[in-house]
Every structure is written in C-alpha cells, then in structure tokens.
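Owing to the predicted nature of the structure, the values given are computational and were not obtained by experimental measurement. For this chain, numbers begin at 1 and follow the sequence in order.
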Amino acid sequence: MTTRVIIVDDQAMVRAGFAALLAAQSDLEVVGDAPDGVRGVELSRRTHPDVVLMDVRMPEMDGLEAARQLLEPPPGVLHRPRVLMLTTFDVDDYVYEALRAGASGFLLKDAPPGDLISAVRVVAAGEALLAPSVTRRLIADFARRRPAPRKGRAALQLKGLTPRETEVLELIARGLSNQEIAAALIVAEQTVKTHVSRVLAKLALRDRAQAVIFAYESGLVTPGEQ
C-alpha cells in the first residue's frame, strides 16, 4: 500500500529535495507541495494525503495554524492527515503547540535522509516520533517551563485507567517504544500494543504524541524524573 505525502515548506530547494528523496521509495508517493500554510491546507483538502510534512515557520500562515486547521477541520471535512512538523531548531515552542494540537511528531530538517523516510513511514503507521532521547528532553523542558492548565481534568481522566494502563502511559511518556515497554514489564509486545490502544481510546487521544503531553499535564510524569 502506497503512502501519499505532501510537502509544505517555504523553501523551494527543501521541497524539491524532500520530494525527490521520498519519490524514490516504492511505498511512498509525493502528491504535491506548497510554499505556505494557506496553500498547504488547500492542497491537503484537495489531494487527501496520508502524511503532511509541515514546516514550522512560513509566510501567509505558519505551520502551527496550518496543522490546527488540518487536524481540527471544519464541519463537513472528514479527511485528517497525519502531520509531521519540520524545523531547523531542536527547541521550538511551535513544535510543542503542534503536538498538543495533534501533530504526530517532528523532525529536524538536517536529519539524515534515512531518518526522513523512516519518519514518514512511522507516522503513516499511526505511531509518533517520540522515541529519540532529544524528543524526551524537549518535551520535558516544555513541561518544566510552562504550567499544566488541564491538570485537574486530566488527573480525573487518569482514574479511568487500570494500574497497568497507567504504568504503560508513564513509560510512553518517558519515550520508550513498545518493544522497550514489553521488556520493562516482562510481557509480550502485542500485549503492550493492546494496552496502548486502550489508553488512547479511554483518554480520547489520537496518538503517542498526545499521550506524552497528557502524562505531563496530568502530573503522572514529572519533568526531570528518570
């Protein structure tokens, strides 16, 4: 099955380079590109991609607002692509806001080509780009610098999880993969996948990215803890 991708970035060379790299993969198809958020949203509505590579800083409409419009579409618009944010900075508040809006993760523009290809596949599969240690550090830093406005409500929602589901959520928030969680809990990886699915469903979260943000906002995980 082919994954349909669009690239939204204000730099023509970036769009061309990424498009050439992705188009060379038999399972990936680049169905269009756009130079700003406004045209990126329009392109997505028209082409219905599986994944949108979205630059953070662009003219007309930045990537954050464009991601919001794609992930929270108006009534009558059913298509919701996965959004992967692109940034030139390893610490960027726009990225955090995008994660809270429902983006599936982010990737540095200077990442190796293989990382870009892998990132698109991971996001298309419904996972989130949260395993690298740098991402754990960034999200922890975000939680440390900013208050948790939903803590009361989020804490109440936590009570709906079983003890094992709560444990799995905590490990997700620490950046562990399903395989690593399975090893830590001494259970099968398929069992972990089942727990993750139940956690996301009970908390009405789209993916692991939102689960990490939720874990910090609820107070389940404290920034700086190991």
Could I get the full list of side chain to side chain donor-acceptor pair (under 3.5 Å) partners for [X], not counting sequence neighbours?
X      : answer
Lys202 : Glu165
Asn178 : Arg208
Glu167 : Arg164
Arg80  : none

Grab the two heavy atoms, one from [X] and one from [Y], that are nearest each other, plus how far apart they are.
X      : Y      : value
Val199 : Leu161 : CA-CD2, 4.3 Å
Val212 : Ile172 : CG2-O, 3.7 Å
Val30  : Ala19  : CG2-O, 3.8 Å
Met85  : Ala103 : CG-CB, 4.0 Å
Ala173 : Val221 : CB-CG2, 3.7 Å
Pro49  : Val52  : CG-CG2, 3.8 Å

Notebook entry, point to check: Above 12 or not: heavy atoms from other molecules or residues under 6.0 Å from CD of Gln11?
Noted result: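 Count over threshold, so yes.
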
Item checked: All side-chain contact (heavy atoms from CB on, under 4.5 Å) counterparts of Leu200, not counting sequence neighbours ->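 Once residues adjacent in sequence are excluded, the partners of Leu200 under the side-chain contact (heavy atoms from CB on, under 4.5 Å) criterion are Val196, Leu205, Ala211.
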
Note to self: How long is the straight-line distance from CG of Leu28 back to CG of Leu21, given to the nearest 0.5 Å?
What the structure shows: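 Answer for the CG-CG pair, Leu21 versus Leu28, is 9.0 Å.
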
Next item on the list: Output the distance between atom CZ (Arg57) and atom CG (Leu86), rounded to the nearest 0.5 Å.
Entry: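 Reported to 0.5 Å precision, the distance equals 13.0 Å.
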
Margin query: Please enumerate all residues that pass salt bridge (charged side-chain N to carboxylate O under 4.0 Å, His left out) together with Glu60, with sequence neighbours excluded.
Written below: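 Partners of Glu60 by the salt bridge (charged side-chain N to carboxylate O under 4.0 Å, His left out) criterion come out as none, since no residue qualifies.
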
Item checked: Residues that Arg198 engages under salt bridge (charged side-chain N to carboxylate O under 4.0 Å, His left out), provided they are two or more places apart ->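 Here no residue qualifies.
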
Next item on the list: Can you run down the ring pair (Phe, Tyr, Trp, His ring centres under 6.0 Å) pairs that involve residues 181-205, sequence neighbours left out, and say none if there aren't any?
Entry: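 Non-adjacent pairs meeting ring pair (Phe, Tyr, Trp, His ring centres under 6.0 Å): zero.
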
Checklist line | ring pair (Phe, Tyr, Trp, His ring centres under 6.0 Å) contacts touching residues 9-50 (sequence neighbours left out) | finding: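 Those involving residues 9-50 are His48-His79.
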
Notebook entry, point to check: Is a side-chain donor or acceptor of Ser118 paired with a backbone partner of Gly114 at a separation under 3.5 angstrom?
Noted result: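 No, because the side chain of Ser118 does not come within donor-acceptor range (under 3.5 Å) of the backbone of Gly114.
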
Notebook entry, point to check: Are the side chain of Ser44 and the backbone of Gly40 linked by a donor-acceptor contact shorter than 3.5 Å?
Noted result: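 No.
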
Note to self: Please evaluate residues Thr191 and Leu185 with respect to the criterion side-chain contact (heavy atoms from CB on, under 4.5 Å), reporting the C-alpha separation (whole Å), side-chain torsions for both, the decisive distance (0.1 Å), and the verdict.
What the structure shows: CA-CA 10 Å; Thr191 300; Leu185 300 180; over 6 Å; no

Next item on the list: Can you tell me which residue pairs pass the salt bridge (charged side-chain N to carboxylate O under 4.0 Å, His left out) test with a partner in residues 24-41, sequence neighbours excluded?
Entry: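 Listed by first then second residue: Arg15-Asp33, Asp27-Arg121, Asp36-Arg39.
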
Margin query: Applying salt bridge (charged side-chain N to carboxylate O under 4.0 Å, His left out) as the test, list every pair that has at least one member in residues 3-13; sequence neighbours left out.
Written below: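 Salt bridge (charged side-chain N to carboxylate O under 4.0 Å, His left out) check on residues 3-13 returns Asp9-Lys109.
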
Check: Which is it for Leu220 and Phe214 under the side-chain contact (heavy atoms from CB on, under 4.5 Å) test, yes or no, and what are the steps along the way?
Finding: CA-CA 9 Å; Leu220 176 64; Phe214 178 93; over 6 Å; no

Note to self: Filter on side-chain hydrogen bond (donor to acceptor under 3.5 Å, both in side chains), then keep only pairs touching residues 64-73, sequence neighbours left out; what's left?
What the structure shows: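 Found Glu65-Gln69.
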
